[in-house]
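Only one structure is covered here, and it is reproduced in the block below.
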Amino acid sequence: ATERTLSIIKPDAVAKNAIGDIIARFEKAGLKVVAAKMMHLSEEKAGGFYAEHKERPFFKDLVGFMTSGPVVVQVLEGEGAIAKNRELMGATNPKEAAPGTIRADFAETIDANAVHGSDSPESAEREISYFFGNDEICPR
Ligand code: CMP
């Protein structure tokens, strides 16, 4: 089925000037960008996004990293978009990411891991509406 998923190009990948390379991978895989914006997240915005991890030992570092520079937030649309995006990203820990995946090619550490992608239809819906109003999504 056609799905939508939320993608974030994280501060490390933006700093590497890899925005275009990463979006090209999405497009080459048949995913369409239907919404996009660059933003520098506040602590509140980043903390709210990762609220499910609030009690985890890595939460503080994660929020610190995600607020360390601008990010590019996008909505990707396509057949099986959620799983397809996760395949393109590779494992959360870049040391475990398969060769040729975004994280294998651009990420250094588990925090500075280049990209985020929704992990289920439920989180996709929540994450998309966390960043985008309906009037900011462009069906195509
Ligand atoms: P992301 O997909 O953005 O979702 C939560 C983030 O927490 C994850 O990518 C990692 O960048 C970061 N993180 C840091 N430590 C861990 C860990 N031990 N397990 C999972 N995620 C972690």
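Ligands are counted one by one from 1 in listed order, and the atoms in each one are counted from 1 as well. Both backbone and side-chain heavy atoms feed into the values below; hydrogens, waters and symmetry mates do not. In this chain, residues are counted from 1 in sequence order.
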Less than 3.5 Å apart, which donor and acceptor atoms pair up between the side chains of residues 129-140 and the rest of the protein, not counting sequence neighbours?
residue	atom	partner	partner atom	Å
S129	OG	E125	O	3.1
S129	OG	R126	O	3.2
Y130	OH	K45	O	2.7
Y130	OH	F49	N	3.2
E136	OE1	K37	NZ	3.4
E136	OE1	G133	N	2.8
E136	OE2	K37	NZ	3.1
R140	NH1	V33	O	3.1

Show me the donor-acceptor pairs, under 3.5 Å and distance only, between side chains in residues 13-21 and residues at least two apart or in other chains.
residue	atom	partner	partner atom	Å
K16	NZ	F106	O	2.4
K16	NZ	E108	OE2	2.7

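Here the closest heavy-atom approach between residue T101 and residue E87 is recorded as CG2-O, 3.7 Å.
Residues with a heavy atom under 4.0 Å from ligand 1: K10, Y50, H53, F58, L62, T92, R103, I110, D111, N113, H116.
Distance check, rounded to the nearest 0.5 Å: CG of N113 to NZ of K95 gives 11.0 Å.
With sequence neighbours left out, E79 forms a side chain to side chain donor-acceptor pair (under 3.5 Å) with no residue at all.
When atom types are taken as modelled, the side chain of E77 and the backbone of K32 share no donor-acceptor pair closer than 3.5 angstrom.
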